[in-house]
Undergrad: 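I have a structure here, written as structure tokens, and I will follow up with some questions on it.
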There are 2 protein chains.
Amino acid sequence: MSHTLGIRQAQKQKTRQAFLDAALALLEEQSLSSLGLREVTRAVGVAPTAFYRHFRSTADLGVALVDEALGSLHPMVRTTVATAGAERITRAVRLISDHVAAHPAHVRFIARERHGGVQPVREAIRDQLARFAEEVGAELAKDPEAEGWSEDDLLMLAHLYVDQMLITASLFLETLESPEPSEAERERVARIAARQMRLISLGRQHWLD
Amino acid sequence: MSHTLGIRQAQKQKTRQAFLDAALALLEEQSLSSLGLREVTRAVGVAPTAFYRHFRSTADLGVALVDEALGSLHPMVRTTVATAGAERITRAVRLISDHVAAHPAHVRFIARERHGGVQPVREAIRDQLARFAEEVGAELAKDPEAEGWSEDDLLMLAHLYVDQMLITASLFLETLESPEPSEAERERVARIAARQMRLISLGRQHWLD
DNA sequence: AATTCCGGAGAACAGTTGTTAACTGGATGA
DNA sequence: TCATCCAGTTAACAACTGTTCTCCGGAATT
């Protein structure tokens, strides 16, 4: 049952999205704690006071951006990790590479604000990453290699993988930021990331020795 | 041959250090790209224009902070990694834990600005971390387990360790930031970090299989 | 002893910031 | 049809920003 929005609410969501888009663009060259309210409204093309109709503060906007950047990514990560065998690493690296290429500003925002100067945003990102770790852990538990593993150890391993994914995403980003983004450079990062994940997987296989 | 500084240069270095200290304190609750020049001078207790006698801009000050935070850490990391056997991981975790406890603001600054909004600072941090990776790689090469390893693979492993150290440092930091910092919480982080490093070491031992 | 140097102070500049209050006009619901 | 709602506007506020130029007084140099 999809409820058709009134033309009023539709317009509101439209300008709200315009706020998110404009902020994300501005955040490519600064961090959230220096993002001004007027700066955003100027970029959108509305009066400064219009901002308050959508967000309490720029920190509030930042939390909304976290949801936009990570919210829809959970199913993708889940199905990718669900892949069995050696293919899993290949697909994971490709997922990251493609996602960074498709949404570089989102990735930059998350990497930047994960340890940034705005507490509510840091917390929102931390919660989302913890969710990723739990989901990855749940998928890893289905592997035959997970036999004999404690819940704690599985979560430790899952966090290792999630952190590694974020580091890899950040490296792909630097690849795009370089003055002459070359496919060769991207491939180099992909190969290093794959080898690091393979090394971690090897450690996992011999954990119970 | 230690050259005694004139009372003029000595005074200059003193206020310069005051700038660094004040900035570091202010950066506990914001990021560098929102740090104002007047804000810093006000905290130091000097006129705004005095700032220019020491730094071109706040970005310049940030680069100086990177050197202060990471510059003197290289020998410590080197000797810690030089430790052989199972003791290496224990010492590494303790080094990180102690360093975070002793210089929390420095660690926070590095974690925050590594992906922050100020390019020159990002580059300075990236260069320093690359140096750490090279040094760690050089120490790892001395291990008997390094036999048959390519230069590339050693560097890949070293980067994995360095990134892992930074993640661990950041987790120790969160431990201190909690409303009621408990020794139990710190110990929990230490145990997880040690297990993650042990898992990586296991992967290393079976890499050439 | 006389001169140069230079870290810091003071005042002023135009431009920016977040937030408030009162208002407008088209969509909404009775 | 008419009263209500509400996203966005306009105007104004005090407070703040980075930067320039001019000046001072003590250290450094000759």
Side-chain angles (χ1 to χ4, degrees), chain A residues 2-23 25-65 113 116-121, chain B residues 1-23 25-27 29-65 113 116-121:
Chain A
S2 74
H3 180 19
T4 306
L5 265 52
I7 89 172
R8 198 163 171 168
Q9 300 230 12
Q11 189 53 242
K12 177 165 186 180
Q13 286 208 355
K14 209 171 184 175
T15 58
R16 185 191 136 100
Q17 189 60 46
F19 273 121
L20 294 176
D21 294 346
L26 290 166
L27 285 172
E28 304 226 11
E29 289 171 343
Q30 60 183 315
S31 30
L32 184 62
S33 77
S34 68
L35 183 69
L37 173 160
R38 295 183 101 106
E39 201 180 353
V40 184
T41 58
R42 198 184 311 129
V44 172
V46 296
T49 48
F51 185 89
Y52 294 105
R53 301 289 179 196
H54 300 271
F55 309 99
R56 264 183 241 275
S57 61
T58 52
D60 198 20
L61 186 155
V63 172
L65 273 178
E113 301 303 329
V118 183
Q119 206 204 23
V121 173
Chain B
M1 54 163 289
S2 74
H3 181 19
T4 306
L5 265 52
I7 90 171
R8 199 164 172 164
Q9 300 229 16
Q11 189 53 241
K12 178 166 184 178
Q13 286 208 355
K14 207 171 183 176
T15 59
R16 185 191 136 101
Q17 189 59 47
F19 273 122
L20 293 176
D21 293 347
L26 290 166
L27 285 172
E29 287 171 344
Q30 60 183 316
S31 29
L32 185 62
S33 76
S34 68
L35 183 70
L37 173 159
R38 294 182 102 107
E39 200 180 352
V40 184
T41 58
R42 198 183 311 129
V44 173
V46 296
T49 48
F51 185 89
Y52 294 105
R53 301 290 180 195
H54 300 270
F55 308 99
R56 263 183 242 276
S57 61
T58 51
D60 198 21
L61 185 154
V63 172
L65 274 177
E113 301 304 328
V118 183
Q119 208 204 23
V121 173

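None of the values given here were measured: they were computed from a predicted structure. Chain A is the first sequence line, chain B the second, and so forth, proteins listed ahead of strands; every chain is numbered from 1. Atom set for the values below is all heavy atoms of this structure, side chains included, hydrogens, waters and symmetry mates excluded.
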Undergrad: Could you check whether atom CD of A:Glu28 has more than 12 heavy atoms from other residues, nucleotides or ligands sitting under 6.0 Å from it?
TA: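 More than 12 heavy atoms, drawn from other residues, nucleotides or ligands, come within 6.0 Å of this atom.
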Undergrad: Can a donor-acceptor pair under 3.5 Å be found between the side-chain atoms of B:Arg38 and the base atoms of D:dC16?
TA: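 Looking at the base of D:dC16, it does not pair with any donor or acceptor on the side chain of B:Arg38 (distance under 3.5 Å).
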Undergrad: Would the base of D:dT10 count as contacting A:Thr49 through its side chain, where contact means a donor and an acceptor less than 3.5 Å apart?
TA: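 When only heavy-atom distances are counted, A:Thr49 does reach the base of D:dT10 through a donor-acceptor pair under 3.5 Å.
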Undergrad: Tell me the interatomic distance from B:Phe55, atom CZ, to D:dG18, atom P, rounded to whole angstroms.
TA: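 Those two atoms, CZ and P, are 15 Å apart.
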Undergrad: Using atom CZ of A:Phe19 as one end and atom P of D:dG8 as the other, report the distance to the nearest whole Å.
TA: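 The distance from CZ of A:Phe19 to P of D:dG8 comes to 7 Å, rounded to the nearest Å.
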Undergrad: At under 4.0 Å between heavy atoms, what does B:Phe51 touch on the DNA or RNA strands: base, sugar-phosphate, or nothing?
TA: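 Here B:Phe51 touches no strand at all.
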Undergrad: What integer distance in Å separates B:Leu26:CG from D:dT17:C1'?
TA: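 Taking atom C1' of D:dT17 as the reference, CG of B:Leu26 is at 15 Å.
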Undergrad: Within this structure, what is the CG-CZ distance for the pair B:Leu61 and B:Arg16, rounded to the nearest 0.5 Å?
TA: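 B:Leu61 atom CG to B:Arg16 atom CZ measures 8.0 Å (nearest 0.5 Å).
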Undergrad: Would A:Leu20 and A:Phe55 satisfy side chain to side chain contact (heavy atoms under 4.5 Å, CB included), going step by step from the backbone distance to the final call?
TA: CA-CA 11 Å; A:Leu20 294 176; A:Phe55 309 99; 4.1 Å; yes
Undergrad: Separation of B:Lys14 atom NZ from D:dA27 atom C1', in whole Å?
TA: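 About 16 Å, once rounded to whole Å.
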Undergrad: Figure out the CD/P separation between B:Gln13 and C:dG7, and round it to whole Å.
TA: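 To the nearest whole Å, that distance equals 12 Å.
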Undergrad: Touch check for B:Ser57, heavy atoms < 4.0 angstrom, all strands: base, sugar-phosphate only, or nothing?
TA: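 Answer is nothing: B:Ser57 stays at 4.0 Å or more from every strand.
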Undergrad: Distance check needed: C:dT28 P versus A:Gln11 CD, whole Å only.
TA: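 Rounded to whole Å, this separation is 11 Å.
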Undergrad: Would you mind telling me which of C:dT20, D:dT19, D:dT17 lies closest to the side-chain atoms of B:Glu39?
TA: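 Nearest nucleotide to the side chain: D:dT17.
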Undergrad: Checking contacts here: which listed nucleotide (D:dA7, C:dG8, C:dG26) is nearest the side-chain heavy atoms of A:Lys12?
TA: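 Ranking D:dA7, C:dG8, C:dG26 by closest atom to the A:Lys12 side chain puts D:dA7 first.
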Undergrad: Where the side chain of A:Ala47 is concerned, which of D:dA7, D:dT19, D:dT10 is the nearest nucleotide?
TA: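 Of the candidates, D:dT10 comes closest.
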Undergrad: Between the base of D:dC6 and the side chain of A:Arg53, is there any donor-acceptor pair under 3.5 Å?
TA: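 Answer is no: no donor-acceptor pair is held.
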Undergrad: Near A:Gln9 CD, under 6.0 Å, is it more than 12 heavy atoms from other residues, nucleotides or ligands?
TA: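 12 or below, so no.
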Undergrad: Side chain of A:Leu37 only, please: which of D:dT17, D:dG8, C:dT19 is the nearest?
TA: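 Selected nucleotide (nearest to the side chain): C:dT19.
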Undergrad: Can you identify which nucleotide, out of D:dA27, C:dG8, D:dT17, has its nearest atom closest to the B:Ile7 side chain?
TA: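 Among the listed nucleotides, the one closest to the side chain of B:Ile7 is D:dA27.
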Undergrad: Keeping the roles fixed (side chain from A:Glu113, backbone from A:Val121), state whether a donor-acceptor pair exists under 3.5 Å.
TA: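 Looks like no, no N/O pair under 3.5 Å.
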Undergrad: Let's see if you can work this out: which of D:dT10, C:dT17, C:dG8 has an atom nearest to the side-chain heavy atoms of B:His54?
TA: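 Closest of the options to the side chain of B:His54: C:dG8.
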Undergrad: Find the distance A:Tyr52:OH to D:dC6:P and express it as a whole number of Å.
TA: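 Roughly 20 Å, once rounded to whole Å.
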Undergrad: With a non-hydrogen cut-off below 4.0 angstrom, is A:Arg42 in contact with a base, only sugar-phosphate, or nothing?
TA: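 Sugar-phosphate, backbone atoms only, no base.
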Undergrad: Closest nucleotide of DNA chain D for A:Val46 versus for B:Pro48: which of these residues is on the 5' side?
TA: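 Taking each residue's closest nucleotide, the earlier one in sequence belongs to A:Val46.
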Undergrad: Tell me: CD of A:Gln9 to P of C:dT28, nearest whole Å?
TA: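 These atoms are roughly 9 Å apart.
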Undergrad: Checking A:Ser31 side chain against B:Gly116 main chain: does a donor-acceptor pair fall under 3.5 Å?
TA: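 Not confirmed, A:Ser31 side chain does not pair with B:Gly116 backbone.
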